[in-house]
Amino acid sequence: MRYPIYRPRRIREQEHLRRMVRETRLSVDHFIYPLFVVPGTGVRQEIQSMPGNFHLSVDRLLEEVKEAQDLGIPAIILFGLPERKDAVGSAGYADDGIIPRAVSALKKAVPGMTVITDVCLCEYTSHGHCGMVEGEHVLNDASVELLAKASLAYVRAGADMVAPSDMMDGRVQAIRQVLDSAGFSHIPIMSYAAKYASSFYGPFREAADSAPQFGDRRSYQMDPANSQEAMREVRLDIEEGADIIMVKPALPYLDIIYRVKQTFDLPVAAYNVSGEYAMIKAAAMQGWIDGERVMLEALLSIRRAGADMILTYFAKDAARSLASSRI
Ligand code: PBG
């Protein structure tokens, strides 16, 4: 018998055929675009380590979100930088805080956009930890109460979804209860379920001014060595009422995304974080890689691993590339 009978190259010869047998699709439908909102007016200041991303005051945020909408991006996620920080992060759950102000302006000005709010205290606490502290210990249950309070403030302002990123135990259940008893049982929770204590968050912490002032986040975020534990974290969040489960970061954790997708039956989100973005941008700016192709390949790989949606700073760039016929 002549060998090989099957030649895999036969279905790779023509672009049309390659299109027909393609297993994974990357589309603007999957993108969630993260944005940083700051006090003041007329502010649009580029974040140094994240070229193409900006600190935006509410007025300029509206323009940015309209542009994202015109590109077909279905959702944004908001991070806030407050006027003041204190030990308990009170600007994070004030009804007139930066996020509620941004959300209500957005819902009026760009009604079709899905507005997700990150829920965490690290941008609002003077010590930069994601919850309340006692000495050097980050308190769990007291922090959970504040996170639930923040969620309610954001949803009252019009947020379509809340996304707790703090990694305190039991926060999904607490948020679900508070939202339900205030008449918001229809508002979904996207939980940062398997969030690792990662050094890939570096540029974000500069952007969000949220670096911990002492210690690190390893007492609440996950050990990068653990995969079994991620399954447990995800299962707990599902039991507590999460609607979408997130794995974060994305590229160094594709195995976790894959495993979560295979194991559970909820939609999976993956966060293509600031460090992943910065590395590709930096190499592209040096001319060392083709930034556009590397971006699309990275995003495709996250989808191939099993992510239904991707939070990415590339959202606008990728939307433009996908809409053009060049790639
Ligand atoms: C807040 C939060 C962080 C990120 C999202 N939400 C930083 C952190 O946990 O220190 C990181 C996002 C990114 O790096 O793009 N807890």
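All values below come from the heavy atoms of this structure, side chains included, with hydrogens, waters and symmetry mates left out. These numbers were taken from a predicted model, which means no experiment stands behind them. For the single chain, residues carry numbers from 1 onward in sequence order. Every number for a ligand or one of its atoms is a count from 1 in the order of the listing.
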Just list the N/O pairs, ligand 1 to protein, that are under 3.5 Å apart, with the distance for each.
residue, atom, partner, partner atom, Å
ligand 1, 6 (N), K248, NZ, 3.3
ligand 1, 9 (O), K195, NZ, 2.7
ligand 1, 9 (O), Q221, NE2, 2.8
ligand 1, 10 (O), R205, NE, 2.6
ligand 1, 10 (O), R205, NH2, 2.9
ligand 1, 10 (O), R217, NE, 2.8
ligand 1, 10 (O), R217, NH2, 3.3
ligand 1, 14 (O), S274, N, 3.3
ligand 1, 14 (O), S274, OG, 2.7
ligand 1, 15 (O), S274, N, 2.8
ligand 1, 15 (O), Y313, OH, 2.6
ligand 1, 16 (N), S165, OG, 3.4
ligand 1, 16 (N), K195, NZ, 3.0

Q. So is K195 actually on top of Y192's ring, under 6.0 Å and inside 45° of the axis?
A. yes

Q: Answer with yes or no whether the side chains of Q45 and R60 bring together a donor and an acceptor at under 3.5 Å.
A: no

Q.
Within the 3.5 Å criterion, strictly below it, is a donor on E292 or S321 matched to an acceptor on the partner's side chain?
A. yes

Q) Which residue pairs pass the side-chain hydrogen bond (donor to acceptor under 3.5 Å, both in side chains) test with at least one member in residues 135-164, sequence neighbours excluded? A) K107-D160

**Q.** For Y201, side chain to side chain donor-acceptor pair (under 3.5 Å) partners two or more places apart
**A.** none

Q) Taking only residues two or more places apart in sequence, or in another chain, which ones meet E229 in a salt bridge (Lys or Arg N to Asp or Glu O under 4.0 Å)? A) none

